[in-house]
Amino acid sequence: MSDTAVSTDGNADPAHRPEQIILTLLLFSGSAAFAVFGALATDNVDFFRTHATAWTSALLATPAFYIFARHFARAGLNHWWRLFWTFGWLMIVIHFYFGLGIMHFWDPVSVFQRQGFAVAGPIFLLQVTWLIDIGLAFIRRDWRFSTGWYKWWQLVAYLIAFLNFFVSLLVFQNDIQSLVIGILMTLVVVAALVQRWSDGEHAHE
Amino acid sequence: MVRKYVNWAAVVVSLVLLIASVAWLYKEAQWAQWSPSGDDVQAQQLAAFTYGSIGLEVLPLKYAAVIGTVSRSAYIMGTEDDRSIWDTYGFLPNPAANDDADPLCAVNAEQKLPYGFNVTNYLPKIAQKTPLEFVGLSCAACHSGTLHTEAGTTTEIINGMGNPALDVIAFTDVVRSAVLDPTLTTTKIIEAYRTNCKDIDGLGFVPRTFDETVDRVMIWAWLRAARNQISEDTAKEGLPYHGAQLKDAKFMPAGPSRTRPFRSIIRVALELPGEENFAYSKIPAVFEQRVDLRPRSQYDGSIADPVTRSFVAAYASGTSLVSLSKPEMEFNIRSAAGYTEELGISVPVDKFVDLFPNEAPTSDQVKDGLEVYKLHCAACHGYRPIEGDRLWAAKGEKLHQVSLLKPVDRTTPIGTDPERIMFRYSNLLVQGLTTILPGWDEDLEKQRESLKQAKLEATAQGQLAEADLWVGHLERLNLSARQFRLGHPLYFPETDVSDEVGYINNPIPYAYLRAPYLHNGSVPTLRQLINLDERPQSFCRGDNDYDPAAVGLIAPPPDSNGVCPPGLPFLFDTGARGNSNQGHNYPWAYQGADWNEKDLTDLLAYLKTL
């Protein structure tokens with residue numbers, strides 16, 4: 001094994017510190033408690049929880065979006081990415097429980113009936129692609145510097161997640177919270193791309 | 001070192017939040033589990049009507065148990081002060097209560113609370129289950145009553161009649177004052193409850209149990225939220241009345257046995273202030289609501305489907321759409337509606353002769369009375385045959401028709417008080433009401449279309465503010481369509497509601513249980529309604545005795561200063577707006593042409609058998 005092989009091994013990432021997992025866990029549990037208990041002060045508990053879990057999932061995923069947009073296939077993904085990506089996903093699972101289980105009485109067909117295929121399809125797709133992507137990020141040793149089909153996979157999973165959030169937060173214009181979070185998320189990704197570009201410029205200097 | 005502690009603290013906080021959230025959700029799923037009890041439909045319907053929750057939870061049980069002491073100053077009026085809060089506002093004593101001297105506590109609440117109350121774990125408005133118990137109103141709190149005579153006899157509770165003594169509007173103001181009271185604290189409630197109930201609930205020697213701590217937190221949270229809500233509403237509804245004002249028609253014009261459903265429905269359905277509204281509705285009898293007999297209900301015949309009748313009743317009384325979307329509430333609304341459909345038909349109701357055998361009319365009188373009735377009344381009301389299965393004969397050329405308000409002089413052909421049908425915004429109500437509960441798919445599209453149409457029409461007529469109202473309403477509909485994603489379970493089509501302005505000619509089964517008469521309760525007895533006696537100009541109301549001879553309430557006139565006795569404190573002045581006792585002069589005006597005592601006495605005899 002050469003030196004480069006070591007640097008592609010995620011588990012050997014020198015930046016891995018307990019604070020990382022503690023902070024992301026704290027953010028996740030805070031968000032969960034906000035959705036569960038904050039709802040009791042609103043006039044529709046299930047509705048609020050469905051939304052709050054979507055908002056916080058987007059917020060948790062936003063740092064992961066940033067890291068990916070800036071470092072994917074460049075400096076490489078890192079632990080922050082994997083942690084935010086994982087907790088964002090966990091939150092969307094809770095969202096799924098409320099959205100499908102409570103609001104749609106576990107009747108997926110009704111989601112398609114109500115929202116049409118173009119909207120409902122990607123939402124269900126996301127549940128699958130995100131889960132697989134996280135699974136791979138924990139199984140594969142090359143998750144930080146993926147190559148071959150896995151590299152393509154990561155890119156596709158990223159795009160599906162980002163576009164889902166983009167459409168449901170910004171295009172649907174459900175409420176002011178979604179709008180603000182959607183704008184924030186988008187600006188962060190744009191900033192990441194600008195930095196990616198400037199990282200590249202500097203590399204050439 | 002410090003870093004380590006901070007890390008540990010963060011881990012602990014995270015885990016606590018996480019475990020609390022998961023545990024809460026898990027418990028909630030358990031609490032929310034509900035299925036109808038047994039499979040005897042009639043028993044379910046009776047249960048739904050008498051103690052089913054319809055989302056009208058009012059107060060935490062433990063506060064309700066001590067409200068008489070803790071919030072006494074909110075409900076005493078200076079006239080009937082030795083009675084309990086429930087008796088003072090006309091709720092019915094519960095026949096399930098035994099005679100022991102125990103106070104109302106959690107263990108005996110279902111027996112000691114008034115009839116028609118329920119105990120649930122639902123939070124008011126959002127109908128979310130929590131460990132805190134609440135008391136709430138069922139249909140029977142309004143739609144049931146007893147008759148008591150001067151001789152001191154009291155009937156058992158009769159489900160389906162309007163409660164003649166219930167003053168639910170004054171009670172609402174009492175609750176508002178009580179909750180706003182700045183000296184009311186969680187500790188005060190808990191301490192008072194513990195003093196009253198520790199032996200009865202068996203809390204025993206441990207002064208602060210785990211349960212009590214949970215109650216404390218929950219009541220604290222409820223009190224905060226309820227205060228916020230009530231003071232927010234005060235901007236629209238004004239300060240609550242108190243003391244003697246509560247029974248003073250100048251301030252609280254509805255009085256016993258009446259409510260102001262259209263004031264509340266305008267507030268909730270149109271989000272407009274319900275003032276300038278003089279529509280006082282007697283709590284009606286709800287017998288024989290089957291659609292073949294009563295295709296349309298409410299005094300103006302505005303609502304067709306029985307379930308929608310029951311929904312509107314609950315909605316006007318203050319329940320929320322979220323509450324009514326819960327399976328338990330939906331079931332209760334439907335079952336209670338089913339109960340009213342059969343009540344008086346397959347579900348028996350006491351007949352006049354069963355209760356007052358001494359006042360039973362002779363069969364000759366009844367036979368002659370039927371003839372008078374057929375001549376003068378049956379065309380509008382249909383009739384009950386005096387033989388056979390006695391099912392109401394829903395025949396009559398004007399039966400089920402609405403006696404329409406004439407725009408010119410704003411009177412109806414029958415001439416009763418018009419305020420119930422021509423209050424401000426009544427013209428917007430049907431549009432508003434039919435777009436409150438989102439339908440699904442095409443139904444929803446239709447609702448949206450109709451609001452857009454209403455907006456266009458209003459704009460074309462230069463009613464710009466009204467156009468804006470419909471824009472707002474459309475936004476509300478869109479929001480609730482997102483909340484009730486598959487449509488609201490109680491959605492009803494536009495055709496269930498009509499907007500004819502007038503009073504409907506409907507059957508009058510169990511006429512003897514409908515006192516005081518007319519939609520506004522302005523005529524105390526049936527003798528007066530048929531003009532055998534002169535109708536009184538003003539009379540005193542409260543928990544009046546029943547007079548089986550005159551078939552109605554004994555409502556004495558006020559003294560020469562216009563003051564009513566303490567037991568019947570509400571002065572009903574038929575000269576006040578909304579209170580007119582005029583009209584419906586059938587068969588004849590009092591001592592007018594053709595008036596004759598024999599026919600009227602026979603008619604009264606027949607009416608006793610309805």
Side-chain angles (χ1 to χ4, degrees), chain A residues 17-54 56 87 90-91 94 97-116 120 168 172-175 178, chain B residues 3-4 6-29 32 122-130 132 217-218 221-222 224-225 228-229 320-323 325-327 438 440-442 444 475 478-489:
Chain A
R17 291 193 294 144
E19 278 82 0
Q20 292 185 303
I21 191 159
I22 292 172
L23 181 70
T24 45
L25 175 70
L26 189 63
L27 288 173
F28 171 76
S29 17
S31 308
F34 168 69
V36 170
F37 297 107
L40 296 174
T42 69
D43 31 317
N44 191 333
V45 171
D46 298 333
F47 189 63
F48 179 83
R49 285 182 184 158
T50 310
H51 282 246
T53 47
T56 49
F87 283 116
L90 269 176
M91 204 47 130
I94 306 181
Y97 167 75
F98 285 112
L100 179 63
I102 308 284
M103 302 292 279
H104 279 269
F105 310 101
W106 294 114
D107 177 8
V109 179
S110 70
V111 183
F112 284 91
Q113 275 179 317
R114 202 191 133 90
Q115 308 203 310
S168 48
F172 287 167
Q173 301 200 349
N174 280 333
D175 43 46
S178 303
Chain B
R3 214 178 94 184
K4 205 166 136 196
V6 173
N7 281 355
W8 273 111
V11 169
V12 170
V13 170
S14 303
L15 291 181
V16 166
L17 289 176
L18 211 52
I19 291 167
S21 304
V22 172
W24 185 271
L25 282 184
Y26 174 76
K27 283 306 261 182
E28 242 182 28
Y122 289 109
L123 288 178
K125 297 271 178 202
I126 56 175
Q128 195 70 13
K129 280 208 177 164
T130 74
L132 187 64
V217 174
M218 298 288 309
W222 165 79
R224 262 182 67 108
N228 282 343
Q229 181 69 51
S320 69
L321 299 191
V322 176
S323 301
S325 72
K326 303 282 162 175
W440 154 253
D441 211 21
E442 282 173 22
L444 179 61
E475 275 164 23
N478 286 336
L479 178 64
S480 60
R482 286 171 48 218
Q483 302 197 4
F484 307 105
R485 300 187 67 88
L486 306 184
H488 193 285

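Numbers restart at 1 for each chain; the letters A, B, ... are given by sequence-line order, proteins then strands.
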Query raised in the report: Under the side chain to side chain contact (heavy atoms under 4.5 Å, CB included) criterion, do A:Ile22 and B:Trp8 qualify, and how do the steps go?
Result: CA-CA 9 Å; A:Ile22 292 172; B:Trp8 273 111; over 6 Å; no
Report summary line: Scanning both residues in full, the closest heavy-atom pair of B:Trp440 with A:Ser110 reads CH2-O, 4.0 Å
Query raised in the report: When rounded to the nearest 0.5 angstrom, what distance separates CD1 in A:Ile94 from OG in B:Ser21?
Result: 8.0 Å
Query - Contacting region of B:Val322 [heavy-atom separation from chain A under 4.5 Å] - result: side chain
Report task. Using the side-chain hydrogen bond (donor to acceptor under 3.5 Å, both in side chains) rule, collect all pairs that involve residues 23-45 of chain A, keeping only residues at least two apart or in two chains. Result -> A:Asn44-B:Gln483
Query raised in the report: So what's closer than 4.5 Å to chain A heavy atoms on B:Ala225: side chain, backbone, both or neither?
Result: neither
Report task. Would you mind checking which part of A:Phe105 comes under 4.5 Å of any heavy atom in chain B, side chain (CB onward), backbone (N, CA, C, O), both or neither? Result -> side chain
Report task. Please report the C-alpha distance between B:Asp441 and A:Gln113 in whole Å, then the side-chain angles of each, then the deciding distance to 0.1 Å, and finally whether the side-chain hydrogen bond (donor to acceptor under 3.5 Å, both in side chains) criterion is met. Result -> CA-CA 9 Å; B:Asp441 211 21; A:Gln113 275 179 317; over 6 Å; no
Query raised in the report: Which distance, rounded to the nearest 0.5 Å, do you find between the CG of A:Leu26 and the CG of B:Leu17?
Result: 7.0 Å
Query - Separation of B:Asn7 CG from A:Ile21 CD1 (nearest 0.5 Å) - result: 11.5 Å
Query raised in the report: Within a strict 4.5 Å, meaning less than it, do heavy atoms of the A:Phe98 and B:Leu25 side chains meet?
Result: yes
Report summary line: Nearest heavy-atom contact between A:Arg114 and B:Arg485 is NH1-O, 2.8 Å
Query - Side chain to side chain, B:Arg482 and A:Asp175, heavy atoms closer than 4.5 Å - result: yes
Report task. Specify which of A:Met103, A:His51, A:Glu19 makes the most heavy-atom pairs with chain B at under 4.5 Å. Result -> A:Glu19
Report task. For the residue pair A:Phe47 and B:Leu479, establish whether any side-chain heavy-atom pair is separated by less than 4.5 Å. Result -> yes
Query raised in the report: Under a 4.5 Å heavy-atom cut-off, does chain B meet the side chain of A:Asp46, its backbone, both or neither?
Result: side chain
